[in-house]
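Residue numbers start at 1 and run along the sequence shown. Counting starts at 1 for both ligands and their atoms, following the listed order.
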Amino acid sequence: MGVRKNARDLTSAEKAAFVAAVKRLKAQTTGRNYDWFVTTHINYFAAVGGVRYAHQSPSFLPWHRQYLTEFEKALQVLDPSVSLPYWDWTGDRTATGAPFTADFMGGTGAGGNGPVTTGPFAGATNWRITVSASSATSLRRALAAGGATLPTGTQVNRVLNVAAYDAAPWSSASATGMRNMMEGWNRQGANLHNAVHVWVGGHMAQQDSPNDPVFWLHHCNIDRLWSQWQTRWGFDAGHYLPPAGTAGVVDLNEEMQPWGGVTPAAVLDHRASYTYA
Ligand SMILES: [Cu+2]
């Protein structure tokens, strides 16, 4: 069983191992390589066959949980010692601190929304963007420059205090429910997931956001917060909604594409597979 650690607590060797595994996955030219994961996020950004799987729907959390697990497994084929780290942006809130250090994710982009200039993912030779809506071949960021602020611990607690998992109309328009506050469409003073994408800017603000490796650290933290909500309210099937019979979204026991038969019910209790430090 894996333990997913806070990125700020990784040793130099753990950081180097994670970066090396990510780069090896990026260098693969076939199969579920790094760019396959980028392409999958783009393909499932909007509805597929009339069903919203990855975003603006109840399965935002279980879809990304499985997505992270598949990515982590791909890394572990290359280095079994690697687990996904999480970026707790309530504690690490600057453009120069963890995880944006030169020995890990690297820093911000040059001149606003420009190419990242420091760290292992700087420049198109180190890290070439090949699957993207934009023509940029280098990773771009605009840390803290896009007007968004990182969520606070108080705002996180406001979301974790919401008892209902989700609510009709099961979309970005849901006015109540934890999921839409966590995702960030229903703000109520607490925009968690979306605000962090905007705060990082660059590729993270686009559909091809997994081109930025910090995507995995951010979504790992979102998954951790869902796990904290589950710890408080329950890991059982009663704490996913809707249970059945809802068109256009993934009900509790419906398959999440493209994960081959994996349902929200199957991923609710992750504790036998991994835990959070
Ligand atoms: Cu996201």
Verify the distance criterion only: is there a donor paired with an acceptor across the side chains of [X] and [Y] at less than 3.5 Å?
X: Asn221; Y: His218; value: no
X: Arg224; Y: Tyr276; value: no
X: Asn161; Y: Arg232; value: yes

Please state whether the separation between the Cu ion (ligand 1) and some N/O/S atom of [X] is under 2.8 Å?
X: His55; value: no
X: His64; value: no
X: His218; value: no

*Residue pair Trp216, Tyr67: steps toward the ring-ring contact (aromatic ring centres under 6.0 Å, His included) verdict*: CA-CA 10 Å; Trp216 307 102; Tyr67 186 52; 5.0 Å; yes
*State, to the nearest 10 degrees, the angle whose vertex is the Cu ion (ligand 1) and whose arms point to NE2 of His193 and NE2 of His197.*
100°
